[in-house]
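Below is one structure, written out as structure tokens; comments come after it.
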Amino acid sequence: MPPVLYDRRRETEGHDIIIIISRVLSSILMTPFIPWVLLLLLLHRPVAARAAFDYRDALSKSLLYFEAQRSGHLPYNQRISWRGHSGLTDGLEQGVDLVGGYYDAGDNVKFGLPMAFTITMLSWSVMEYGEEIAAAGEIEHAMEAIKWGTDYFIKAHTQPNVLWIQVGDGDTDHYCWQRPEDMTTSRKAYKIDAENPGSEVAGETAAAMAAASIVFRTSNPRYSHLLLHHARQLFEFGDKYPGRYDRSVGVAKNYYPSVSGYGDELLWAALWLHRATGREEYLEYVVNNALRLGGASWAISEFSWDIKYAGLQVLASKLLMEEGASLQEKHRSTLEQYRSKAEHYLCSCLNKNKNGGNVRRTPGGLLYVRQWNNMQYVTGATFLLTAFSDYLASSGEVLHCPQGTLGPEELLSLAKSQVDYILGANPMGMSYLVGFGPKFPARVHHRAASSISYKEHKAFIGCTQGYDTWFGRQKENPNVLVGAVVGGPDAKDVFRDARGNYMQTEACTYNTATLVGVFAKFDRLEAQPQISSLLGLGSRLHVRMMKGA
């Protein structure tokens, strides 16, 4: 098993004080007939001051980011005005239309695996928090962000066993610093097929389309049916022809290598297909392959575009909590194993595992997995904590950890502390959501944002000219990459806002995708002062605890 999957470094010793109020509530929350939110509302606590952060504004800005990352022919209602059309001949050399989709980060390559994960997580966010997103007036923008990706996947899936998974070459692309509108780098397209399999990207794309089919089921049933058709074919393809995608498409290996293998993606796809179709064959797959593919055996302390196990295990737990009584014994017992591993992940985030099996934290309280783009792990954890908190609340259950039992409000409190850290409640007073608040990264590592807008200056910017004229400038970017979540601070909460500091200043679509639903959730809670007051208290105690106060 790859050692990168485990983070066994011990956290700083100290008193592990859990929020006192939540302790009192934990026993009450066992009552299955009373929603925990209503119980909180019954607490006659004085209304606290409003929170410092506007979560609705954060939600709106997060969805703007996906428009900045669009490739292809931009629509008439494009809101990011400094971007122009790009990649209009993608796939032409190979005789296939691959115009569209998303650039993953600050470069101009379209990588299929992280793009698919982005769409899966956007879809899951809308599934869980669609009502809250709609209440904030952002549901159309959220669905447009999903559809921009799924429209591209439909184009890229040209035959049942053929999926085009990348456009562009990371090596040549990184040699140049050009706006996407000016690209002179290779736009060669790469595919997987029966002879050159890629189960990770086939499985993740199947998961994305299955999850999106649920989102569009009511508003666009024909489109939903089309997505399901592609999802089922892609899952069958990935399962029938197993193989590592980065061995078939070598140019992806230096940028998005498959460390965890393809077991998590195949199980993830099957579970999403079960959720989208209700067909027992997909649940049978998840159960029968639980150990062989690692879903019920791997205890992981991170969740990302590559390592899906924690997300898969949380999704399996949701199924168990919703339908446990009606499931076959074999299905129920195996899903309990999935849930056990989901609890390991959540307990590791909450600092409640033993023997060093916890996620580290910075002195300021931020979850910290590794140096490069740490925020992807933070935002992923924040979504899973928030969603699992809701699952516990709905089922009247609690989280059992080696070092204690926790109620849903304690998971939500940790999630809020991470969200608030991202939005500016941190030692540097920096919002890591670009464009939010008075202080945020101004030199994001991003070709289009750091160069003069194509709309303002259409004169061609050459490959090395971009480095000389725009990359090397010390000034702030001329365009604000609103809604992007950058890589974030180091293990000591220090952030250096420099364009060349790509480990900290580059943003990725999957950093932001996992926060869309979370922002909507906290926007709704902020409208309920008693709950906001309790969660605010919990977040402050959490930060004090991690500082040793």
Side-chain angles (χ1 to χ4, degrees), residues 19 21-22 25 35-41 43 45 47-65 121-122 124-139 141-142 314 346 349-350 365-367 375 378-394 407-426 431-437 440 483 485 511-543:
I19 305 164
I21 294 175
S22 62
L25 287 172
W36 75 276
V37 169
L38 294 180
L39 287 169
L40 291 176
L41 289 171
L43 293 176
R45 295 185 55 81
V47 177
R50 303 299 290 172
F53 300 113
D54 185 343
Y55 300 113
R56 181 167 297 194
D57 185 46
L59 168 62
S60 299
K61 285 180 165 59
S62 71
L63 288 167
L64 277 170
Y65 170 58
M121 295 310 299
L122 280 173
W124 196 357
S125 293
V126 172
M127 282 175 52
E128 297 292 349
Y129 302 111
E131 182 180 332
E132 290 85 349
I133 295 171
E138 294 292 342
I139 193 64
H141 293 140
V314 166
L346 297 163
C349 293
L350 288 153
L366 184 71
L367 294 169
M375 277 302 182
V378 177
T379 62
T382 299
F383 177 86
L384 294 183
L385 285 161
T386 303
F388 204 87
S389 170
D390 287 338
Y391 305 158
L392 290 175
S394 297
E409 72 289 345
E410 290 168 292
L411 279 71
L412 198 60
S413 180
L414 175 58
K416 186 176 187 297
S417 74
Q418 300 304 295
V419 169
D420 288 352
Y421 186 108
I422 291 169
L423 296 181
N426 57 67
S431 167
Y432 295 108
L433 181 75
V434 178
F436 183 89
F440 51 82
V485 176
N511 292 19
T512 296
T514 44
L515 284 179
V516 169
V518 175
F519 287 144
K521 167 77 174 182
F522 284 112
D523 174 55
R524 173 64 63 88
L525 289 179
E526 191 58 23
Q528 301 170 343
Q530 291 89 343
I531 299 173
S532 177
S533 175
L534 183 64
L535 288 176
L537 174 61
S539 295
R540 290 192 296 275
L541 285 175
H542 232 312
V543 172

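Note that the structure is predicted; figures quoted are calculated from it, not measured.
Contact check for V314 versus W124: side-chain heavy atoms found under the 4.5 Å cut-off.
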Inset, instruction - For side-chain contact (heavy atoms from CB on, under 4.5 Å), just list the numbers for L367 and Q418, CA-CA rounded to whole Å, side-chain angles, deciding distance to a tenth of an Å, and then say yes or no. - result: CA-CA 8 Å; L367 294 169; Q418 300 304 295; 3.6 Å; yes

Legend entry - Steps toward side-chain contact (heavy atoms from CB on, under 4.5 Å) verdict (D420, F522): CA-CA 10 Å; D420 288 352; F522 284 112; over 6 Å; no

Inset, instruction - Could you walk me through whether L64 and H141 pass the side-chain contact (heavy atoms from CB on, under 4.5 Å) test, one step at a time? - result: CA-CA 8 Å; L64 277 170; H141 293 140; over 6 Å; no

Inset, instruction - Take V419 and F519, measure what side-chain contact (heavy atoms from CB on, under 4.5 Å) needs, and give me the verdict at the end. - result: CA-CA 8 Å; V419 169; F519 287 144; 3.8 Å; yes

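Between the side chain of S413 and the backbone N or O of E410, no donor-acceptor pair lies under 3.5 Å. The closest donor-acceptor contact from the side chain of N426 to the backbone of Y421 lies under 3.5 Å.
Here F436 contributes atom CZ and L59 contributes atom CG; the two are 11.0 Å apart, rounded to the nearest 0.5 Å. Atom-to-atom distance recorded for L346:CG and L384:CG is 7.0 Å, nearest 0.5 angstrom. To the nearest 0.5 Å, the span separating CG on N511 from OG1 on T379 amounts to 5.0 Å. Interatomic distance, S62 OG to E138 CD, rounded to the nearest 0.5 Å: 7.5 Å. T512 OG1 to M121 CE: the interatomic distance, rounded to the nearest 0.5 Å, is 12.5 Å. From K416, atom NZ reaches atom OG of S389 across 13.5 Å, with rounding to the nearest 0.5 Å.
For the residue pair A415 and T386, the shortest heavy atom distance occurs at CB-OG1, 3.3 Å. The shortest non-hydrogen separation linking C349 to A381 is SG-CB, 4.0 Å. Here the closest non-hydrogen pair linking G483 and L433 is O-CD1, 3.3 Å. The nearest pair of heavy atoms linking G380 to T514 is N-OG1, 3.7 Å. Shortest non-hydrogen contact noted between V126 and A142 is CG2-CB, 4.0 Å.
Between F383 and Y129, the ring planes lie perpendicular to each other; the angle is over 60°, past the 30° to 60° tilted range.
Under a 4.0 Å N-O distance rule, the pair R524/E131 qualifies as a salt bridge.
A side chain to side chain contact (heavy atoms under 4.5 Å, CB included) with L412 is found for one member of L525, L392, L385 and no other, namely L525.
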